[in-house]
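Read the structure below first, then the notes.
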Amino acid sequence: QVHLQESGPGLLKASQTLSLTCTVSGGSISSAVYYWNWIRQSPGKGPEWIGYMSDRGAYYNPSLESRITISTDTSKNQFSLKLSSVTAADTAVYYCARSPKWEVLRLDYWGQGTLVTVYS
Amino acid sequence: QSVLTQPPSASGTPGQRVTISCSGSASNVGVYTVNWYQQRPGTAPKLLIYSNDQRPSGVPDRFSGSKSGTSASLVIGGLQSEDEADYYCAAWDDSLKGRGLFGGGTKLTVL
């Protein structure tokens, strides 16, 4: 059974850089079959797809790509999200999730999510 | 406003059949498969339907999905109290260099 767990600071000041890590167990992030995604959900809104990492590199939501970096640490079976210059609009629950490469939005395993609050 | 449009709310009584729609365009639903998620309060979304009409293992056959043109639908037959949740459609979109999209969500109330 695949398990994903997000970790990172829950409170950030505006203009700082958000850094979150997703630890994966029960599956390898080096897999050639899957994408490892970040998704966020602002209070009361639908989810927003942020981007994914694969064995061939990262791909980002064009609306966020100027501020995003997704990277991996294969030795720890982790992948990470960095989002720079945060504002209150970046306050959300951040999730990591897995999907097969042939269907990016078929997110079959999710972490429990971590709430990130940005204050000014 | 989301690019994938869903009704904000839906309701039904136990045993009833409820349909939730997802309206997109030629750059998303019209060319890519649609996935549906169920989200209960305080939990992560759960994959309910993938590839338009396929159920993951463990999802009851009361849940079914379909797609026609630029619209998709989720049907819940034999509504149960535990089905009260938010439901989201999701699809890839070719605009803006390519991106994943979610609908705005439909809150289902079981009366």
Side-chain angles (χ1 to χ4, degrees), chain A residues 1-7 20 22 24 34-54 56-68 70 81 92-115, chain B residues 1-9 20 22 24 27-29 31-59 65 67 72 85-107:
Chain A
Q1 185 79 346
V2 178
H3 183 74
L4 297 93
Q5 178 71 58
E6 305 88 352
S7 59
L20 297 175
C22 181
V24 179
Y34 296 107
Y35 289 139
W36 302 94
N37 298 265
W38 285 101
I39 300 101
R40 69 181 182 179
Q41 188 171 24
S42 300
K45 296 190 176 181
E48 178 182 24
W49 179 79
I50 297 172
Y52 65 67
M53 171 57 78
S54 76
R56 296 196 169 194
Y59 184 80
Y60 306 136
N61 188 325
S63 65
L64 294 168
E65 69 176 333
S66 64
R67 298 196 291 136
I68 297 173
I70 299 177
L81 169 70
V93 176
Y94 286 75
Y95 297 99
C96 53
R98 186 190 82 166
S99 64
K101 286 186 175 181
W102 56 91
E103 195 165 5
V104 177
L105 271 296
R106 177 182 165 180
L107 299 149
D108 54 4
Y109 288 96
W110 293 65
Q112 65 184 25
T114 187
L115 174 62
Chain B
Q1 189 169 351
S2 301
V3 176
L4 301 183
T5 302
Q6 299 180 235
S9 63
I20 297 172
C22 174
S27 65
N28 43 67
V29 176
V31 291
Y32 292 102
T33 57
V34 176
N35 305 279
W36 289 92
Y37 294 87
Q38 177 191 63
Q39 186 178 33
R40 296 191 174 99
T43 68
K46 170 191 170 185
L47 183 64
L48 204 60
I49 297 288
Y50 67 92
S51 300
N52 302 326
D53 58 8
Q54 302 297 302
R55 280 186 309 276
S57 174
V59 173
K67 190 183 91 166
D86 294 324
Y87 292 84
Y88 298 95
C89 60
W92 191 254
D93 180 85
D94 267 344
S95 63
L96 294 180
K97 297 175 15 180
R99 56 179 176 163
L101 286 179
F102 285 85
T106 299
K107 182 174 181 58

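In what follows, chains are A, B, ... by sequence order, proteins preceding strands, each numbered from 1.
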Working to the nearest 0.5 Å, report the span between [atom1] of [X] and [atom2] of [Y].
X: A:Leu105; Y: B:Leu101; atom1: CG; atom2: CG; value: 7.5 Å
X: A:Asn61; Y: B:Lys97; atom1: CG; atom2: NZ; value: 10.0 Å
X: A:Tyr95; Y: B:Thr43; atom1: OH; atom2: OG1; value: 6.5 Å
X: A:Glu65; Y: B:Leu96; atom1: CD; atom2: CG; value: 10.0 Å

Given that the side chain runs from C-beta out, which part of [X] has a heavy atom under 4.5 Å from chain A: side chain, backbone, both or neither?
X: B:Leu4; answer: neither
X: B:Tyr50; answer: both
X: B:Gln39; answer: side chain

* For chain A, find which of B:Pro45, B:Ala44, B:Pro56 contributes the most heavy-atom pairs closer than 4.5 angstrom. => B:Pro45
* **chain A interface, residue from B:Gly42, B:Gly98, B:Ala90 that has the most non-hydrogen pairs under 4.5 Å** => B:Gly98
* **A:Glu103 (side chain) donor-acceptor with B:Ser51 (main chain) under 3.5 angstrom** => yes
* Yes or no on side-chain contact (heavy atoms from CB on, under 4.5 Å) for B:Tyr37 and A:Leu107, after CA distance, side-chain angles and deciding distance? -> CA-CA 9 Å; B:Tyr37 294 87; A:Leu107 299 149; 3.3 Å; yes
* For A:Trp49 and B:Arg99, which heavy atoms make the closest approach, and how far apart are they? -> CZ3-CA, 4.0 Å
* Asked: Residues in side chain to side chain contact (heavy atoms under 4.5 Å, CB included) with A:Val2, at least two apart?
  -> A:Leu4, A:Val24, A:Arg98, A:Tyr109
* **Parallel, tilted or perpendicular: ring planes of B:Trp92 versus A:Tyr59, cut at 30 and 60 degrees** => tilted
* From CA spacing to verdict: side-chain contact (heavy atoms from CB on, under 4.5 Å), A:Ile39, B:Phe102 -> CA-CA 10 Å; A:Ile39 300 101; B:Phe102 285 85; 4.2 Å; yes
